[in-house]
Asker: 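I'd like to ask some things about the structure below.
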There are 2 protein chains.
Amino acid sequence: MPRMTILGYALLSLLASEPLSGYDLAQRMKKPISYFWHARHSQIYPELARLEELGYVTHEVIEQVERPHKKRYTITQAGYENLRDWLTKPTEIGPDRSEIVLKAYAIWMTDPRKAIDLFQAHLRLHIERLEQYERDYALIEREKSSSLTFASPLFGNYATLRKGIGYEREYVDWCRWMIDQAQAYLTQQEVTCKLQ
Amino acid sequence: MPRMTILGYALLSLLASEPLSGYDLAQRMKKPISYFWHARHSQIYPELARLEELGYVTHEVIEQVERPHKKRYTITQAGYENLRDWLTKPTEIGPDRSEIVLKAYAIWMTDPRKAIDLFQAHLRLHIERLEQYERDYALIEREKSSSLTFASPLFGNYATLRKGIGYEREYVDWCRWMIDQAQAYLTQQEVTCKLQ
DNA sequence: GATGACATGTAATCAGTTACATGATTAG
DNA sequence: CTAATCATGTAACTGATTACATGTCATC
């Protein structure tokens, strides 16, 4: 018998609001599930089969005209209970890996101008994401502000978006700080040269 | 011939400052490499062999009295150049996965009191880490402030610690916000009950 | 006598990515 | 005719974790 994975719970947590097909789930997890879990269809399809084997979801085939058939997955009572149990279990801080922070660790050995280019390009990516998140956030606050209370399914989007925004803002600040550090070093060098 | 992995660069970036044994490297990466890359010894030993095959490190065996022998790995010129090239190559935003953020996404379906417990416990973990990082940061600022300029090897510690602090502060804020949201919902519920 | 630090490795397994594979319909 | 969206799957591979394996010395 297969056991539960975090991905399994991610799928259940999406199915908890509405029945979805594997394709729908993959769409929602392309852009990480409300910004903090993602998976591809090649991982999702087998995982759905596992969830079904465990009795946490069921599916029905929907025949469509002029579209391929699809499998509509629905969470079961057992799946719902399993998810609810997992949700409130103590959660450790997961291992974090960031390629750009690793690069920052060794950046001292490079040309500061190249470092500035690196962090400026990276900064742009984070600003882009941040702006997207802020647009989404403004949208749900404007249109759904009444249902953003803790017990509403939309609260999930709200809470994770808020995390995404804080996360990206922190990255933006840090990238700017890195650029400043490299720039400060460069001007310092210039002054030293002129004095000699 | 094996190819380079990010772990390989992580090891090279540690060896760039000083020669180290596999055991030393594992110690430094237990607590993630200055907080944003980690690996275990079972991954590090084979990776060192790969780096040696590629000519990016060499080792010498050091016999010790009353201690097991150890292999002291040193970065080569080729390793150093390879690392330097990689460092300034454009870097994408890696996929992020956070179990607690995923839980926040589905937390609406649970008892708010259990949610408060969950986030309070998690908050404590982040506060602990944050305080550790802040102690480390204060330490290097006090003792090594003169060598914290961009081109010094210590700048790596400084920059990654700064990221770690920002990252943990953001988590602390967000956990507190989550607790507030659950609490606000509870008080709202109470008021509604009293009025009926 | 047991635990923990030092020290190095391998094997089994799992999670996740990339690539392979198929097939219909719609828009440019 | 080409690319994109809808729709579902499998296979090969890589990256990472857990467990297995061995051995010394110091401390409780």
Side-chain angles (χ1 to χ4, degrees), chain A residues 1-11 19-33 36-54 57 59-73 92-99 102, chain B residues 1-11 19-33 36-54 57 59-73 92-99 102:
Chain A
M1 258 309 203
R3 356 165 249 80
M4 282 303 288
T5 62
I6 298 183
L7 174 61
Y9 288 115
L11 298 178
L20 295 164
S21 67
Y23 185 83
D24 294 334
L25 287 162
Q27 289 305 104
R28 282 171 177 65
M29 300 194 78
K30 221 173 184 179
K31 311 255 180 155
I33 178 179
F36 280 92
W37 205 272
H38 91 104
R40 323 222 163 194
H41 77 274
S42 58
Q43 214 185 348
I44 291 168
Y45 289 119
E47 187 65 33
L48 281 168
R50 280 157 42 83
L51 288 176
E52 188 153 45
E53 204 187 329
L54 287 161
V57 299
H59 82 267
E60 37 169 355
V61 177
I62 311 226
E63 296 294 341
Q64 297 177 112
V65 235
E66 302 176 5
R67 280 262 166 275
H69 75 279
K70 64 158 118 183
K71 293 184 181 174
R72 210 171 91 118
Y73 284 89
E92 276 170 55
I93 303 179
D96 260 294
R97 292 182 170 91
S98 162
E99 193 174 342
L102 175 59
Chain B
M1 259 305 201
R3 0 166 246 78
M4 283 301 288
T5 61
I6 298 182
L7 174 61
Y9 288 115
L11 298 179
L20 295 164
S21 68
Y23 185 83
D24 294 334
L25 287 162
Q27 289 305 106
R28 282 172 176 64
M29 301 194 77
K30 223 173 183 177
K31 311 254 180 154
I33 178 180
F36 280 93
W37 205 271
H38 92 104
R40 323 221 164 196
H41 77 273
S42 59
Q43 214 186 347
I44 291 169
Y45 289 119
E47 186 66 32
L48 282 168
R50 280 156 43 82
L51 288 176
E52 189 153 46
E53 205 188 328
L54 287 161
V57 300
H59 82 267
E60 37 170 357
V61 176
I62 310 223
E63 296 295 342
Q64 298 177 111
V65 236
E66 301 178 6
R67 279 264 167 275
H69 74 281
K70 66 156 116 181
K71 292 184 182 176
R72 210 171 92 116
Y73 285 89
E92 275 171 54
I93 304 179
D96 261 294
R97 291 183 169 90
S98 163
E99 192 172 343
L102 176 59

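Naming: A, B, ... by sequence-line order, numbering from 1 per chain. Basis for what follows: all heavy atoms, side chains included, without hydrogens, waters or symmetry-related copies.
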Asker: Measure CZ/R97(A) against C1'/dA16(D) and give the value in whole Å, please.
Answerer: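 Spelled out: CZ on R97(A) to C1' on dA16(D) is 6 Å.
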Asker: Are R3(A) and dA15(C) close enough that a side-chain N or O sits under 4.0 Å from OP1 or OP2?
Answerer: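 Affirmative; the distance criterion is met.
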Asker: Does any donor-acceptor pair link the side chain of S21(A) with the base of dT8(D) at a separation under 3.5 Å?
Answerer: no
Asker: So, does Y23(B) get its side chain near the phosphate of dT8(C), meaning an N or O under 4.0 Å from OP1 or OP2?
Answerer: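 No, no such contact exists.
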Asker: Would you compute the distance between atom OG of S21(A) and atom OH of Y73(A) and round it to the nearest 0.5 angstrom?
Answerer: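 These two atoms lie 9.0 Å from each other.
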Asker: Does T5(B) contact dT14(D) through a side-chain donor or acceptor facing the base, at a distance under 3.5 Å?
Answerer: no
Asker: Within less than 4.0 Å of OP1 or OP2 of dT18(C), is there a side-chain N or O belonging to R40(A)?
Answerer: yes
Asker: Would you kindly give the CD1-to-P distance between I44(B) and dT10(C), to the nearest whole Å?
Answerer: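 So the CD1-P distance, I44(B) to dT10(C), works out to 14 Å.
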Asker: Between Y45(A) (OH) and dT22(C) (P), how many Å, whole number?
Answerer: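 The answer, rounded to whole Å, is 17 Å.
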Asker: To the nearest Å, how far apart are M4(B) CE and dT14(D) P?
Answerer: 15 Å
Asker: Output the distance between atom CG (D96(A)) and atom CG (D96(B)), rounded to the nearest 0.5 Å.
Answerer: 6.0 Å
Asker: Starting at atom CZ of R72(B), determine the distance to atom P of dA7(C), rounded to an integer number of angstrom.
Answerer: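 Result: 13 Å.
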Asker: Between E47(B) and R50(B), does at least one N-O distance fall below 4.0 Å, as a salt bridge requires?
Answerer: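 The answer is yes: the pair qualifies as a salt bridge.
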Asker: Which is true for H41(A) with a 4.0 Å heavy-atom rule: it touches a base, it touches only sugar-phosphate, or it touches nothing?
Answerer: base
Asker: Counting side-chain heavy atoms from CB outward, which of dT8(C), dC6(C), dG15(D) is closest to Q27(B)?
Answerer: dC6(C)
Asker: Hey, which of K70(A), R72(A), K71(A) is the one that makes salt bridge (Lys or Arg N to Asp or Glu O under 4.0 Å) with E60(A)?
Answerer: R72(A)
